[in-house]
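Heads up, the thing below is written out as structure tokens.
Reminder, nothing fancy here: chain letters follow the sequence lines and each chain counts from 1.
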Amino acid sequence: MSFNLDLVIKSFPLLLAGALITIKITLISVTIGIFIGLFVGIARIVNIRAVKLFAAVYVDFIRGTPLLVQIFIIYFAMPIVLGIKIDPLIAAITACSINSGAYVAEIFRAGIQAVDEGQMEAGRSLGLTWPQTMRYIIIPQAFKSVIPPLGNEFIALLKDSSLVSVIGFEELTRRGQLIIARTYGSLEIWLSVAFLYLIMTVTISRLVAYLERRFDTKYDRR
Amino acid sequence: MIDVKNLRKSFGSAEVLKGIDLSIEKSQVVVIIGPSGSGKSTLLRCMNYLEVPTQGQILINGTDLQKADINKVRSEIGMVFQRFNLFPHMTVLQNILLAPMKVRNIDRKTAEQDALVLLERVGLENKADAYPTQLSGGQQQRVAIARALAMRPKVMLFDEPTSALDPEMVGEVLDVMRNLAKEGMTMVIVTHEMGFAREVGTRLLFVDDGKIIEQGEPRVVFETPKEERTRLFLSKVL
């Protein structure tokens, strides 16, 4: 067995560029996912049956089907319905956002329900409306408890984004495959790819731990 | 000021309030006592529709809560909870400012001036920038009272305001309530503090099993209860 260090060094700029693309689609998707998740999470607890049902169906469908299949549906099946070709970048971000939105919705729902019921009562008893109480009282408190699971979701999505390589979108994993096709350096390249994913995920988890600490000291001392 | 007509409330199959009729006048201090599970807290919570009655009517100044803009009605009824329910992510000052600014659209400067006056009234002017968890239970409850007063309510509802407090802090909260009563605030208080009920209350209601069993001037009810159930309850708590 020989390990070609030279290949690693030579491919590194290409892989790093791929990693940056991975970060880009993950960041965009997580951001959109948080917006979707916030609304769907609230929709799941609101007292309107149709809204609740719609949110539940969405969450069940996304969580009950593989992300890979969702990517195929968006990239291969949707164009048949819409009659237009979808750009791989758009397909990748759409699939990842919609997927992440469902998981984030569950995180927010749990976070909101974990806030003491007395908080909603106190807000409403002062004359605040339900949306005002949600916005100023419940959600700010829920945010604190959702930071750790949200961090996990971020990391999971970053890794799962490797699946969009199957539609030819050139993120980190796809770059690796392409380099291997030219150089046959499976060992060197896959280890490099894994290393880059690891650097990214460890950085995120440190960042999340830091955020968690900052939010904690603000008002939780007893 | 508050009229309760044939109020009934059920949770599932359990009927907690079994037909309550009650009329509360301005500046009355109505104290509600009774065993736990008697429905006294539910009765209080129906008065601002935190619990929606199963049957019957609640009228505040003649407005039926069923048909009223509930947020507007609530903004004029202060409520103080057993467990304070301060907003833990906001400072004391922010807790007090929120509703006047968001519900009444009062500008920050005016709202702050009002808030500081209220904090002085409850003896906590130096705690404006503290977070609730940095305060003792008694201090938190006094902030909760100031927060409710910031909306300049016409009525104040108190749901066992001293039950979650350490004994040495009960007095400071009762003092604040006593002063409010002196200033002529209309108050409805669910409490286990019999001494306070007797001293400050202008009217006492004894509630048991979802009904008002007996009512009258506190001194009279305490000294010469007419009903057997009242007598039995008082003999246990006095």
If every non-hydrogen atom of [X] is compared with every non-hydrogen atom of [Y], which pair is closest and at what distance?
| X | Y | value |
| --- | --- | --- |
| A:Gly118 | B:Asn85 | O-ND2, 3.2 Å |
| A:Leu128 | B:Asn71 | O-OD1, 3.5 Å |
| A:Ala122 | B:Phe87 | CB-CE2, 3.8 Å |

inquiry  = Rounded to the nearest 0.5 Å, what separates atom CG in B:Asp69 from atom OG1 in A:Thr129?
reply    = 10.0 Å
Which of [range] get closer than 4.5 angstrom to chain A, counting heavy atoms alone?
| range | result |
| --- | --- |
| residues 101-119 of chain B | B:Lys102, B:Val103 |
| residues 147-184 of chain B | B:Arg147, B:Ala148, B:Met151 |
| residues 72-84 of chain B | B:Arg74, B:Ser75, B:Ile77, B:Met79, B:Phe81, B:Arg83 |
| residues 35-50 of chain B | B:Arg45, B:Asn48, B:Leu50 |

ask   = Hey, which of A:Gln132, A:Gln119, A:Met120 has the most heavy atom pairs under 4.5 Å with chain B?
value = A:Gln119
Verify the neighbour count for atom [atom1] of [X]: are there more than 12 heavy atoms of other residues, nucleotides or ligands below 6.0 Å?
| X | atom1 | answer |
| --- | --- | --- |
| A:Tyr58 | OH | yes |
| A:Asn47 | CG | no |
| A:Met78 | CE | no |
| A:Phe35 | CZ | no |
| A:Phe76 | CZ | yes |
| B:Lys18 | NZ | yes |

query = Under the 3.5 angstrom rule, does the side chain of B:His89 hit a backbone N or O of A:Lys144 as a donor-acceptor pair?
reply = no
